[in-house]
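Just so you know, these numbers come straight off a predicted model, no measurement behind them. As a basis for the values below, the full set of heavy atoms in this structure was taken, side chains included, without hydrogen atoms, waters or symmetry mates.
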Amino acid sequence: MDRLDHLEHLDKHLVDELAQVARETIRDELREQTRRQRRRATLYAASGALALYAGAALALALGLGLATGLPDWAAALITAVILGVLAYVLRGAARPSASRHLGRHTEAAHGRTIGGTAPAAPPGGLGMPYPPMPAGPPAAETPGTAGTQPPPDDIDPELPHHRA
């Protein structure tokens, strides 16, 4: 019996030691990945800051170049308009094109076209696609008669989806 107890103790010790080694290995790997990602993020931030300064210098050069032939305020205004247009174009380019393509494929899979006409029938295929259009505007009620007409027979006023 003592020998089995001793083996159980060794098994438990071995399992604890393996778990500790696994934890340390995972911790070290996560530290290394974090260090690499932090370095990459720092390089991207530095690149962005330098690009910002380069853009400002380019805008200044453009403004000074325009100011040689135009009044200063006109050169500054033209430079601002050009920068605004570039910002708008870059914003449009920054939108993820994958989601736009996925949206079109998803819509096309359901028989719908973005920017197209309304479908002839609802996606479920049941009933009319849309309620019929009335022939004209509703008749104006005369004062004092509002709410005195009984509801139509086919509408149950107790149901919540029929209430206004």
Name the atoms and distances for all side-chain donor-acceptor pairs under 3.5 Å in residues 57-86, with sequence neighbours left out.
unit_1	atom_1	unit_2	atom_2	d
Thr68	OG1	Gly65	O	2.7
Thr79	OG1	Ala75	O	2.8

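- Checked against salt bridge (charged side-chain N to carboxylate O under 4.0 Å, His left out), Glu17 has no partners two or more places apart in sequence or in another chain.
- Screening residues 39-56 for side-chain hydrogen bond (donor to acceptor under 3.5 Å, both in side chains) gives no qualifying pairs among residues at least two apart or on separate chains.
- Through direct or relayed side-chain contacts under 4.5 Å between Ile, Leu, Val, Met, Phe, Trp and Tyr, Ile26 connects to Leu30.
- For the salt bridge (charged side-chain N to carboxylate O under 4.0 Å, His left out) test, residues two or more places apart in sequence or in another chain that qualify with Arg31 are Asp28.
- Using a 4.0 Å cut-off between charged nitrogen and carboxylate oxygen, Glu24 and Arg27 do not count as a salt-bridge pair.
- No donor-acceptor contact under 3.5 angstrom links the side chains of Gln33 and Arg36, judged on distance only.
- Among residues two or more places apart in sequence or in another chain, the side chain to side chain donor-acceptor pair (under 3.5 Å) test is passed with Arg91 by none.
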Decide side chain to side chain contact (heavy atoms under 4.5 Å, CB included) for Thr25 and Glu29; before the verdict, give the C-alpha distance in whole Å, the side-chain angles of both, and the deciding distance to 0.1 Å.
-> CA-CA 6 Å; Thr25 304; Glu29 182 64 29; 5.7 Å; no
